[in-house]
Undergrad: 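Please find one structure pasted underneath; my questions will follow.
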There are 2 protein chains.
Amino acid sequence: MLFKIDAETSTRPAGRIRQKNESIILRAAEIEFASSGYKGASMNDIAQRAGLPKANIHYYFKNKLGLYMAVISDIIALWDSTLNAITPEDDPGEVLSRYIARKVCFSVENPLASRIFAAELVNGAPNMKEYFREDYAQWFRGRTDVFGAWVSQGKIDPEVTPEHLIFLLWSSTQHYADFAVQIKAALGKDELDEQDYLNATATLTHIILKGCGISR
Amino acid sequence: MLFKIDAETSTRPAGRIRQKNESIILRAAEIEFASSGYKGASMNDIAQRAGLPKANIHYYFKNKLGLYMAVISDIIALWDSTLNAITPEDDPGEVLSRYIARKVCFSVENPLASRIFAAELVNGAPNMKEYFREDYAQWFRGRTDVFGAWVSQGKIDPEVTPEHLIFLLWSSTQHYADFAVQIKAALGKDELDEQDYLNATATLTHIILKGCGISR
DNA sequence: GTCTATACTTCGATAGAC
DNA sequence: GTCTATCGAAGTATAGAC
């Protein structure tokens, strides 16, 4: 996503340079924002990481907020697509286990994106107000309706409130990216390995599916 | 916790003033740090919220980091006490449901503390390194051992990895404080009410207990 | 398009009068 | 113990030469 290959030929080398530099800057910015927060990250550090003079960043991006929003919008584009294509006819067991596996996987492969998103939300999402407008509640309602249908069909226990099941899916999977420091400290490891993530996925899948009354 | 009442009489009024002002400053700092992060919060804003000149804060606290650490240590003191007193002889169903209820409740009543803690972790916990030392892994190991004993006794399904069950408890309950903005936007509400938290607790308790194979 | 040098602002921290 | 005035560092942003 951050490394789109320019399809143009050398007829407009300027555009090629621009795209290449923009992606270099975005990647450096992603790292800095993720590890220091919006205010904590400095244009200086971002420029240094990108290997460019500070002024170049201002040439490509209007200002610090503009750069941050560019990073954020890349992240949003990656986000909730995972829950988009579900219908009442789908098998809830399949949908849930696939979602859990994907999201844990995503947390492992894109920890920076996850953390920037988390930091933004923890601070009250000051730069994502328009993302969380009414259509967001509508979109969410569309998802809970599907889960509600499954409850009506007896495929999920009636004790389960669809809204809170979705929150549980979000929280339990993101946790592995956002709170990685605490998890590593608890497990006494410097890095988590493949087996840890398999255990995580297996345990989450077992508890959530069985807990919803979904037989597999 | 932040509002300890001074037990002393008027023999040392100075101490009374100090404690009162320190608690006022700590409370203001908690609000600012929670909504802007460590770097994002400014001593100026904290002073203004506390209704004191900026220099007074430096009189009571060594520097910005010292103030932040004072806030953090208050929060840590509140933290993991909930899981401390469990033994293999306890009933896992009771322990888990009590833990979930308490932690959701805590998230509602202390959202600021939860968010400061979360922001610190998301950014790699640069100021909590010594909290996450070896004894933390030991403490954690003590907790998982109890859960492991329950698994051996057949009280919890063997598919459940104790470590990841604890991570699930942490993530699912904290989520209601840390990601409150997203939850409110999804539900289309300005504030969550009593019923929302009851639904959250009920759904989480049902899924996690049943998912662990705990019959009640 | 690139980069140096610099203007402008904010912030943390302290000196020193009261 | 309180508060004003100020210093120095760091950060964002831009002007202008190349």
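Each chain gets a letter, A, B and so on, in the order the sequences are listed, and its residues count up from 1.
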Undergrad: Do the side-chain N and O atoms of B/Asn21 and B/Tyr60 include a donor-acceptor pair separated by under 3.5 angstrom?
TA: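 Yes, because at least one side-chain N or O of B/Asn21 sits under 3.5 Å from a partner of the opposite role on B/Tyr60.
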
Undergrad: Spell out protein contact along nucleotides 13-18 of chain D as letters: B when the base is contacted, S when just the sugar-phosphate is, - when no protein heavy atom is under 4.0 Å; keep the 5' to 3' order.
TA: BB----

Undergrad: Restricting to ring-ring contact (aromatic ring centres under 6.0 Å, His included), what partner residues turn up for A/Phe132, sequence neighbours left out?
TA: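 Only A/Tyr136 meet the ring-ring contact (aromatic ring centres under 6.0 Å, His included) criterion with A/Phe132.
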
Undergrad: What is the distance, rounded to the nearest whole Å, between atom CD1 of B/Ile25 and atom C1' of D/dG1?
TA: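 So the CD1-C1' distance, B/Ile25 to D/dG1, works out to 12 Å.
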
Undergrad: Whole-Å distance between D/dT12 C1' and A/Leu67 CG?
TA: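 It is 12 Å, rounded to the nearest whole Å.
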
Undergrad: Under 4.0 Å: is that the gap between some side-chain N or O of B/Asn21 and OP1 or OP2 of D/dT2?
TA: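 Yes.
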
Undergrad: Please figure out whether A/Lys39 or A/Gly51 has its closest DNA chain C nucleotide nearer the 5' end.
TA: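 Its nucleotide being nearer the 5' end, the pick is A/Gly51.
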
Undergrad: Rounding to an integer number of Å, can you tell me how far B/Ile46 CD1 sits from C/dA13 C1'?
TA: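 The answer, rounded to whole Å, is 14 Å.
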
Undergrad: Distance check needed: C/dT2 P versus A/Ile57 CD1, whole Å only.
TA: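 In whole Å, C/dT2 P and A/Ile57 CD1 are 12 Å from each other.
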
Undergrad: Nearest to the A/Tyr59 side chain among D/dT4, D/dG1, C/dG1, which nucleotide is it?
TA: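 Nucleotide nearest to A/Tyr59's side chain: C/dG1.
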
Undergrad: Would you mind reading off the distance between B/Ile24 atom CD1 and D/dG1 atom P, rounded to a whole angstrom?
TA: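 My rounded result for the distance is 14 Å.
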
Undergrad: Do B/Arg115 and A/Asn123 have side chains that approach each other closer than 4.5 Å (heavy atoms only, starting at C-beta)?
TA: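 They are not in contact (no side-chain heavy atoms under 4.5 Å apart), so the answer is no.
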
Undergrad: Do A/Lys64's NZ or CZ and the ring of A/Tyr38 fall within the cation-pi criteria of under 6.0 Å and 45°?
TA: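 Satisfied, under 6.0 Å and within 45°.
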
Undergrad: Pick the nucleotide of DNA chain C nearest each of B/Ser42 and A/Asn56; which residue has the one closer to the 5' end?
TA: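 Per heavy-atom nearest nucleotide, the more 5' residue is A/Asn56.
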
Undergrad: I'd like to know if the side chain of B/Thr203 and the backbone of A/Thr161 have a donor-acceptor N/O pair within less than 3.5 Å.
TA: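 Yes, the answer is positive, given that a donor and an acceptor are paired below the 3.5 Å cut-off.
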
Undergrad: Describe, in one word, how the ring planes of A/Phe167 and B/Tyr176 are oriented to each other, choosing from parallel (under 30°), tilted (30 to 60°) and perpendicular (over 60°).
TA: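 Ring orientation of A/Phe167 relative to B/Tyr176: perpendicular.
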
Undergrad: How long is the line joining CD of B/Gln19 and P of D/dG1, in whole Å?
TA: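 Between P of D/dG1 and CD of B/Gln19: 11 Å.
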
Undergrad: Give the rounded distance in Å between these two atoms: CD1 of B/Ile17 and C1' of D/dT2.
TA: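 From B/Ile17 CD1 to D/dT2 C1': 10 Å.
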
Undergrad: Identify whether any heavy atom of B/Ala47 sits under 4.0 Å from a base atom; if not, whether one sits that close to sugar-phosphate; answer base, sugar-phosphate or nothing.
TA: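 Result for B/Ala47 = nothing.
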
Undergrad: Without hydrogens or angle criteria, can the side chains of A/Gln48 and A/Asn44 be said to hold a donor-acceptor pair below 3.5 Å?
TA: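 No pair is found: no donor N or O on one side chain lies under 3.5 Å from an acceptor on the other.
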
Undergrad: Rounded to whole Å, how long is the line connecting atom CG of B/Asn44 with atom P of D/dG11?
TA: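 Going from B/Asn44 (CG) to D/dG11 (P), I get 18 Å.
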
Undergrad: Any side-chain N or O of B/Tyr60 less than 4.0 Å from the OP1 or OP2 oxygen of D/dT2?
TA: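 Yes, because at least one side-chain N or O of B/Tyr60 sits under 4.0 Å from OP1 or OP2 of D/dT2.
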
